[in-house]
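One structure is given here, and the rest of the page talks about it.
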Amino acid sequence: MRIGIIGAGQLGQMLGFAASDLDADCCFLDPSVAPPAAACGEVIQRPFDDADALARMADSCDVITYEFENVPVTALQRIVDRVPVYPPPEALRVAQDRLDEKRLFDELGIPLPPYHAIDSREDMEDAAAKLGLPMVVKSRRLGYDGKGQFIVRSADDVAPAWNALGGQALIAEQWVPFDFEVSTIGVRDAAGDVRIYPLTRNVHKDGILRTSCSPVDESPLSDKASEYMHRLLEHLDYVGVLALELFVRGNNLLANEFAPRVHNSGHWTIEGAVTSQFENHLRAVAGLPLGATDSCVHAGMINLIGEIPDAARELEHGRLHDYGKEPRPGRKLGHITVVADTADERDALIGKISRTVT
Ligand code: AMP
C-alpha cells in the first residue's frame, strides 16, 4: 500500500511514522526544503497544485490524503477520477471558508455563536450593531492559529479592524465568554463505521493551541460533542479523521470550526489512546478496519512554540516530539506528551512542565 500525502509538515511526519507501523509507504507533496516528513518517505518538492506532481502521485499511490488545509480544492478535483482522495474534497472546500462552514453547522443543527458576513465597511458596522461588542472579525479564507483576526471591543475599533483586514471576504462572530474550549476528534471509514476519541480540553493563547488534556470528565458535553461529530461525518460522507473545535458555556457547546485532517489537539492519542489519530486516519483512507479510540491513560500535551528549550530534552515525565523544524517566532516546533494514572496527576504534570519549557 502506497499512500500519497499532500503536505509534509509535522502532521505528515506523524502520519508517516504511523504508516510504517501499518507497513505502508508514504509519498509526500510539499514545496518546502527538507520538511519534517522527509524522514518518512519520498517528498516531491513541488507546489501543492502542481499538475504534473499530482498526476505522478495519482499514478503511483493507492490513495491520496492531505495534512494541510490550504490545498487548492481544484487541485484535488483534478485527480479524483484517477485515485481515491480522502477526506472528500467537499469537506475541505467547506472548511476553507468560514461562512460556508458556519452555514453547514446551522444546516446540521449544530449550535454556534451568532455571525455576520462582511464585505464592506458598512457590513462591519451592521455586524457590530447586530452581534453586539466585543465581536471577533476573521478572514473567511486562509486563516489559521488566530491569524487574520481582529477583536472589535468598542465602536472605535471598527475603523482599525477594517484597515487591518478589509479588502477580503470577512466574517464577524459574537465574542464568546466561554468557560473553556474542547475538541472532539472522530474517524469514519468508507463503509460508514465511526469511532470517536474521548473529549479533549484545550487551552489557546493568542489564537494558538498551547495545551490539550484528555479525557475530560464531562459526560453531558461528550454526548453532545459526539452527536455533532456524527452529524458532520455522515453529512459529508466523510472518510478519515475530522476534528471539531467547540466553546463550552455551562452545559452548552458552540461550534467554532472543524478541520478535515488530523489535528494538533489529538497528538496525545499517540501515547494516550489504543489507536492514535494518525494510525486511524491511515486505516480509514486505506480501507483497513478502524482501531479502538479509547484512552488508555490520562494524557496531556504541551506545544513547543518558537523554540525547543534544552529543558524539554531533559524531562523525566514528558516525551518530546521534535519535528526538526527551523526555530521561528510563533512556529510549532514540537510537543511534549505526558501520561498519568489520574487526571489530577496529569494536570499537575502539565502545569509543572509548562512552567519549565514555555
Ligand atoms: P480560530 O482560528 O477561529 O480557531 O480561533 C483561535 C482561537 O481564538 C480559538 O480557539 C479561541 O480561543 C479564540 N476565539 C476565536 N473565536 C472566538 C470567539 N468568537 N469567541 C471567543 N474566543 C474566540
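Residues: numbered from 1 along the sequence shown. Indexing begins at 1, ligand by ligand and atom by atom, following the structure's order.
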Just heavy atoms, cut-off under 4.0 Å: does [X] contact ligand 1 by side chain, backbone, both, or neither?
X	result
Val136	side chain
Leu209	neither
Gln174	backbone
Arg98	side chain

Under the criterion salt bridge (charged side-chain N to carboxylate O under 4.0 Å, His left out), which of Glu257, Glu107, Glu173 is the partner of Lys102?
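Per the salt bridge (charged side-chain N to carboxylate O under 4.0 Å, His left out) rule, the option paired with Lys102 is Glu173, out of Glu257, Glu107, Glu173.
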
From CA spacing to verdict: ring pair (Phe, Tyr, Trp, His ring centres under 6.0 Å), His281, Tyr86:
CA-CA 10 Å; His281 182 75; Tyr86 296 132; 9.3 Å; no

Any N or O on Glu245 sitting closer than 3.5 Å to an N or O of ligand 1?
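N/O-N/O distance below 3.5 Å does not exist for this pair.
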
Do any nitrogen or oxygen atoms of Glu181 lie less than 3.5 angstrom from nitrogen or oxygen atoms of ligand 1?
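For ligand 1, there is an N or O atom that lies under 3.5 Å from one belonging to Glu181.
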
Non-neighbouring partners of Asp237 that pass salt bridge (charged side-chain N to carboxylate O under 4.0 Å, His left out), sequence neighbours left out
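If we apply the salt bridge (charged side-chain N to carboxylate O under 4.0 Å, His left out) test to Asp237, skipping adjacent residues, the hits are Arg188.
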
Ser183 and His263 side chains, donor-acceptor separation under 3.5 Å
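Side chains of His263 and Ser183: no pair found under 3.5 Å.
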
Just which atoms of ligand 1 are under 4.0 Å from any heavy atom in Gln149?
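Every atom of ligand 1 under 4.0 Å from some heavy atom of Gln149: 1 (P), 2 (O), 3 (O), 5 (O).
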
Using a strict cut-off of 4.0 Å, indicate which atoms of ligand 1 neighbour a heavy atom of Gly207.
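Atoms satisfying the 4.0 Å criterion: 6 (C), 7 (C).
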
Work out which heavy atom in Phe28 is nearest to a heavy atom in Gly41; give both atom names and the distance.
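Between these two residues, the closest heavy atoms are CE1-N, 4.1 Å.
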
So, for Pro111 and Leu253, which heavy atoms are closest and what is the spacing to 0.1 Å?
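Reported closest heavy-atom pair: CB-O, 3.6 Å.
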
If hydrogens are left out, which of Met135, Glu257, Glu173 has an atom nearest to atom 19 (N) of ligand 1, that is, the closest non-hydrogen atom?
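Considering heavy atoms of Met135, Glu257, Glu173, the nearest to atom 19 (N) of ligand 1 sits in Glu173.
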
Heavy atom of Pro113 under 4.0 Å from ligand 1?
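Flag not set, Pro113 not near ligand 1.
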
Please list, chain by chain and in numerical order, all residues satisfying side chain to side chain donor-acceptor pair (under 3.5 Å) with Glu90, sequence neighbours excluded.
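For Glu90 the side chain to side chain donor-acceptor pair (under 3.5 Å) partners, ignoring immediate neighbours, are Arg93.
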
